[in-house]
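Notes follow the structure.
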There are 2 protein chains.
Amino acid sequence: MRDEDIAVMLRRAGHKVTPQRLMIIEALRRASGHVSAGQIAEEVRQHYPTVDLSTVYRTLDVLKRMRVATAIDVGTGDAMYEWAPPEPHHHLVCTSCDKIANLDHRYLEDLGARLKSDLGFNATLDHFAIFGVCQECTMDGCDDGNEA
Amino acid sequence: MRDEDIAVMLRRAGHKVTPQRLMIIEALRRASGHVSAGQIAEEVRQHYPTVDLSTVYRTLDVLKRMRVATAIDVGTGDAMYEWAPPEPHHHLVCTSCDKIANLDHRYLEDLGARLKSDLGFNATLDHFAIFGVCQECTMDGCDDGNEA
DNA sequence: GTTATTGCAAAGGCTTTGCACACTT
DNA sequence: AAGTGTGCAAAGCCTTTGCAATAAC
C-alpha cells in the first residue's frame with residue numbers, strides 16, 4: 001500500500017489528511033511489528049517534535065476503525081499496535097528474552113473449529129499472543145528474571 | 001486446602017499471618033474464579049472496612065509468588081486473579097455478554113505439543129483467555145456494543 | 001466558511017511506593 | 001525486642017477527554 005492510497009483511504013472514510021497522521025502511519029508501518037503508542041510518538045517527534053501523545057492515540061483509533069491497524073494488549077501495561085496484518089497471525093512471546101515471533105494461523109485453525117463445533121463458541125482467533133520460552137533461551141538457559 | 005494450611009504455608013514462606021491476609025485469601029477463594037483486586041477489596045471491606053487496596057495488591061503479590069494464586073491480564077484495564085487453579089485450564093471470554101466460561105486444557109494440549117516439536121517453543125499454556133462470542137449471544141444476536 | 005483535528009492540560013483508571021505506626025512472631 | 005505488614009497518601013503509568021486554536025476540506 002502506497003502513501004497516496006492511504007491518503008485516499010482516509011479521505012474516503014471522511015477523515016482529514018494531516019502531516020501528523022501521515023507520519024504516525026509511516027512510523028507504524030516502518031516498525032513492521034509491535035510498537036506502543038509511546039514508541040510511535042518518539043519516532044514521529046524526531047521529525048515533528050510537537051506531536052502529542054493524544055494525537056497518536058486518536059490516530060491509532062482511526063486506523064483501528066478503518067481496520068488497517070490492530071492493537072494487542074497482553075497486559076504489559078501498554079498496548080502494542082501493528083500495521084495492517086495481511087492475514088490472521090499470532091505471536092509467540094518469549095518471557096525470557098522478550099522476543100516476539102510470528103505464528104502461522106494454521107496452528108490455531110482447528111482449535112477454533114473445535115470450539116465452534118463442541119461448544120458453539122465463536123472464538124476471535126485473529127491475533128493471539130502465546131507466552132513461553134523460545135528455543136534459544138531454552139537451550140542457553142538464559143533468564144532475565146521472571147520468577148519468584 | 002484448609003485455612004490452617006494457608007496460615008502454615010504463609011509462615012513457612014517467612015510471611016506473617018494477619019487478619020487482612022486471611023480475609024483477602026478467603027475472598028479470593030470464595031470468588032471461585034476471576035476477581036479484580038478492587039472486587040476483593042470491596043468484599044473484604046464488608047467485614048473489615050479499613051482494608052486498603054494497597055494491602056490487597058501486596059497480598060496478591062505474595063500469593064502469586066507462593067504460586068497459590070494466578071493473575072491474568074487480558075488488557076481490560078484491570079488484572080483478574082484466581083485462587084490456586086488446580087490444573088491448567090483456560091477461559092472463553094464472551095465479548096458480547098462478558099461471561100467467562102472455563103475451557104478444558106485438552107483443547108490446547110496438542111497446540112502446545114506442536115509448538116514444541118515444530119518450533120522448539122515451550123509455550124506456557126497454563127492459563128489462557130480466548131475471546132469471542134458465546135453460543136447464547138450468537139443466537140440471541142444480543143450485543144452491548146463492541147464494534148467500530 | 002465548515003468541519004475535523006491538533007496540542008495542551010487535566011483527569012481518569014489501575015497499580016505501586018514511601019512512610020510512620022501497629023501487629024505478628 | 002525485631003521485623004514484617006498495614007493504612008494513608010501520593011505518585012506512577014498508560015490512556016482518554018475538554019477545550020480553544022489551527023488546519024484541512
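Chain naming here is simple, since letters A, B, ... match the order of the sequence lines and numbering starts at 1 in each. The figures here come from the full heavy-atom set of this structure, side chains too, leaving out hydrogens, waters and symmetry mates.
Every side-chain hydrogen bond (donor to acceptor under 3.5 Å, both in side chains) that A:H34 has, sequence neighbours left out, goes to A:H91. Residues passing the side-chain hydrogen bond (donor to acceptor under 3.5 Å, both in side chains) test with B:R30, sequence neighbours excluded: B:E26, B:E43.
The distance between atom CD1 of B:I6 and atom C1' of C:dT24, rounded to the nearest whole Å, is 18 Å. The separation between A:L60 atom CG and D:dT16 atom C1' is 13 Å, rounded to whole Å. For the pair B:L53 CG and D:dA11 P, the interatomic distance rounds to 18 Å; values are reported in whole Å. Whole-Å rounding puts the B:M23 CE to C:dC23 P distance at 16 Å. Between A:L22 atom CG and C:dA4 atom C1' the separation is 15 Å, expressed in whole Å.
Looking only at distances, no side-chain donor or acceptor of B:R11 sits under 3.5 Å from a matching main-chain atom of B:V17. Judged purely by atom type and a 3.5 angstrom limit, B:R45 uses its side chain to pair as donor or acceptor with the backbone of B:V51.
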Please tabulate, one pair per line, each protein N/O and nucleotide N/O from nucleotides 8-10 of chain D that are separated by under 3.5 Å, including the distance.
from  : atom 1 : to    : atom 2 : distance (Å)
D:dC8 : N4     : B:S54 : OG     : 3.4

Using a cutoff of under 3.5 Å, can you pull out all pairs of nitrogen or oxygen atoms linking the protein to nucleotides 22-24 of chain D, with atom names and distances?
from   : atom 1 : to    : atom 2 : distance (Å)
D:dA24 : N3     : A:K16 : NZ     : 3.1

What do the steps show when you test A:D78 against A:D73 for side-chain contact (heavy atoms from CB on, under 4.5 Å), and what is the final call?
CA-CA 7 Å; A:D78 49 353; A:D73 186 341; over 6 Å; no
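Near DNA chain C, defined here as any heavy-atom distance below 4.0 Å, there are no residues from residues 36-45 of chain B.
Residue A:R21 has a polar side-chain atom (N or O) positioned under 4.0 Å from OP1 or OP2 of C:dT6. Listed pair B:H15 / D:dG5 meets the phosphate criterion, a side-chain N or O lying under 4.0 Å from OP1 or OP2. Distances shown here put a side-chain N or O of A:Q20 below 4.0 Å from the OP1 or OP2 atom of C:dG7.
Note on residues 47-64 of chain A: pairs passing salt bridge (Lys or Arg N to Asp or Glu O under 4.0 Å), not counting sequence neighbours, are A:D61-A:K64, A:D61-A:R65.
A salt bridge is absent between A:D110 and A:K116; no separation between the charged side-chain nitrogens and carboxylate oxygens falls under 4.0 Å.
Nearest nucleotide to the A:Y48 side chain, out of C:dG7, C:dT6, D:dG5: C:dG7.
A:M23 and A:V8 fall into different hydrophobic clusters, where Ile, Leu, Val, Met, Phe, Trp and Tyr residues are linked whenever their side-chain heavy atoms come under 4.5 Å apart, directly or through other members.
What you find for B:A37 and B:V56 is that their closest heavy atoms are O-CG1, 3.7 Å.
A distance of 5.0 Å separates CD1 in A:I130 from CG in B:L111, rounded to the nearest 0.5 Å. Atom-to-atom distance recorded for B:Y81:OH and B:L63:CG is 10.5 Å, nearest 0.5 angstrom.
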